[in-house]
Amino acid sequence: MELANIFIKAIFIENMIFAYFLGMCSYLAVSKTVKTAIGLGAAVIFVLVVTIPINYLLENYVLKEGALAWLGSDFAEIDLSFLSFIMFIAVIASMVQLVEMIVEKFSPALYGALGIFLPLIAVNCSILGGALFMQERAYTTIIEASVFGLGSGIGWFLAIVGIAAIREKVRYSQIPAALRGLGITFIITGLMGIAFMSFMGIKI
Amino acid sequence: MSTETTVKEDIVVKKPREVLFSKKNRRLLSDPLDDNNPITVQVLGICSALAITVQVKPAFVMAVSVFFVMAFGNVIISLLRNLIPSRIRIIVQLVVVASLVILVDQFLRAFVYDVSKELSVFVGLIITNCIIMGRFEAFALANTPWRSFLDGIGNAAGYAWVLIAVAIIREFLGAGTIGGIQLIPQVAYDFGYVNNGLMLLSPMALITVGIIIWIQRARNTKLIED
């Protein structure tokens, strides 16, 4: 039950895009067509599912205060949490490199379509943001953390595919010249965010 | 991330004895404020710009932190630019930013703890703030330290003004205060004025930025996309 709660919460109530604006840069840049949006969304889900459990283990067995106790009582006092930014980003950057190589090998078409944006998943705020929220909320088991990662990824996926579909339609609308492109995308995202707010307060 | 900018910046060969604030260098400072604004034109660094603009104070602290990271990160990358093998440059850049951000984070925790709590994960997210990586890639890797420093300051200023403008609009309409100072008098409330609570919720940040972009492009027609 607890797991379902975390999962639903991560997708709808605390959606990475609409509640925290994480990963906005690639969200705005890659959402011109549904096809590339699906590719990037899937890559984000994958990277989140892989990195959050690794970062969870790192946090609980290396970085947190007292986390090194398994090495012996001499280490029980050590608090390395100030290193967490650099450790998390190192894990993320190397995992992204791995995903990039896998995609290049197995789906050259997708690789071509995602182009420059694949390496940029490393600097996609939602990935590091996921790791930092995981740290801040102190999930008790690794399964909870992984479910949170999967949920956040799916939430991000839904958001980018949604906006891409809307942008494909909007292209044929009459929009004031100055608002075309970026401006209208911001406003649509805001309206989608208001719609997502209706999920607030739902408890399972 | 915007790809256009990476193409636009050309490698500038430094002439001997260039004046510190030559015309070209001054453009580095002024361009990002309007024509090449990181948020409204290059579309970089949106994540943090929106999430922490409920009040002016955290927005201001965030802007100062970005100034610091941006300026010194650009200088460090520029100094190292001939030593970094291009295959691993992303990791090197991340390490440089992460170290600077750790400094900022520890500093904020020591001196302004309440703001640091309020910003929560967003201080850490300066690492993945696309403006910083974007400027490293587009500018610092190809330019001298002094020019990179100016570019860093210019872009951070372009980021800061949008951030603070959004924060002022949201805080004023949402809570009737700016920087915690009550601006709408009690009399107005007595006559039935009500703060617009919607402005404090996250979606309104997007709409506010959308409107800022609209105003900017209406004034500056060469920025219009088709």
Side-chain angles (χ1 to χ4, degrees), chain A residues 16-30 82-90 92-94 96-97 115-117 119-120 122-129 131-133 135-136 176-197 200, chain B residues 1-3 6 40-41 43-52 90-91 93-95 97-99 101-102 105-106 109 120-134 198 201-221 223-226:
Chain A
M16 281 281 181
I17 297 269
F18 298 124
Y20 297 109
F21 312 110
L22 296 179
M24 280 306 262
C25 312
S26 29
Y27 170 84
L28 291 168
V30 192
F82 68 93
L83 282 179
S84 52
F85 292 161
I86 220 166
M87 295 298 276
F88 288 170
I89 201 72
I92 291 165
S94 39
V96 167
Q97 200 82 55
I116 180 176
F117 297 109
L120 292 179
V123 286
N124 186 322
C125 323
S126 60
I127 312 282
L128 183 64
L132 293 175
F133 277 128
Q135 182 187 34
E136 196 181 77
L179 202 54
R180 245 175 252 157
L182 191 57
I184 194 70
T185 311
F186 267 99
I187 292 178
I188 293 171
T189 311
L191 295 176
M192 286 169 80
I194 293 179
F196 261 69
M197 271 167 48
M200 233 186 241
Chain B
M1 290 297 274
S2 124
T3 39
T6 11
T40 60
V41 182
V43 210
L44 299 175
I46 315 280
C47 329
S48 54
L50 300 168
I52 41 107
I90 302 242
I91 300 231
Q93 289 164 358
L94 284 174
V95 170
V97 195
S99 330
V101 170
I102 289 176
D105 183 47
Q106 299 288 324
R109 272 185 206 186
S120 74
V121 301
F122 289 97
V123 179
L125 289 174
I126 299 178
I127 301 175
T128 51
N129 190 321
C130 333
I131 298 183
I132 296 177
M133 297 292 288
L198 190 62
L201 298 171
S202 40
M204 288 313 286
L206 287 160
I207 293 178
T208 314
V209 175
I211 290 170
I212 289 181
I213 293 175
W214 189 3
I215 296 171
Q216 193 199 13
R217 293 192 180 180
R219 285 179 51 240
N220 197 340
T221 41
L223 295 176
I224 291 177
E225 302 168 43
D226 7 72

Over all heavy atoms of both residues, which pair between [X] and [Y] is shortest? Give the atoms and the distance, please.
X: B:Gly124; Y: A:Phe85; answer: CA-CZ, 3.4 Å
X: A:Ala178; Y: B:Ala218; answer: CB-N, 3.6 Å
X: B:Ile102; Y: A:Phe82; answer: CD1-O, 3.5 Å

Contact class of [X] relative to chain A, heavy atoms under 4.5 angstrom:
X: B:Thr40; result: backbone
X: B:Ile215; result: neither
X: B:Leu125; result: both
X: B:Asn220; result: neither

**Item:** Those residues that, when tested against A:Ser84, pass side chain to side chain donor-acceptor pair (under 3.5 Å) (two or more places apart)
**Value:** A:Gln135
**Item:** Part of A:Phe133 within contact of chain B (heavy atom distance under 4.5 Å)
**Value:** both
**Separation of B:Leu94 CG from A:Ile92 CD1 (nearest 0.5 Å)** =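 Here the interatomic distance stands at 9.0 Å.
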**Asked** Roughly how far, to the nearest 0.5 Å, is the CD1 atom of B:Ile127 from the CG atom of A:Leu132?
**Response**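 Answer for the CG-CD1 pair, A:Leu132 versus B:Ile127, is 7.5 Å.
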Give every donor-acceptor pair under 3.5 Å between a side-chain atom in residues 16-24 of chain A and any protein atom, sequence neighbours left out.
residue: A:Tyr20; atom: OH; partner: A:Arg137; partner atom: NH2; Å: 3.3

**Request:** Please step through side-chain contact (heavy atoms from CB on, under 4.5 Å) for the pair A:Leu182 and B:Val41, ending with a clear verdict.
**Result:** CA-CA 8 Å; A:Leu182 191 57; B:Val41 182; over 6 Å; no
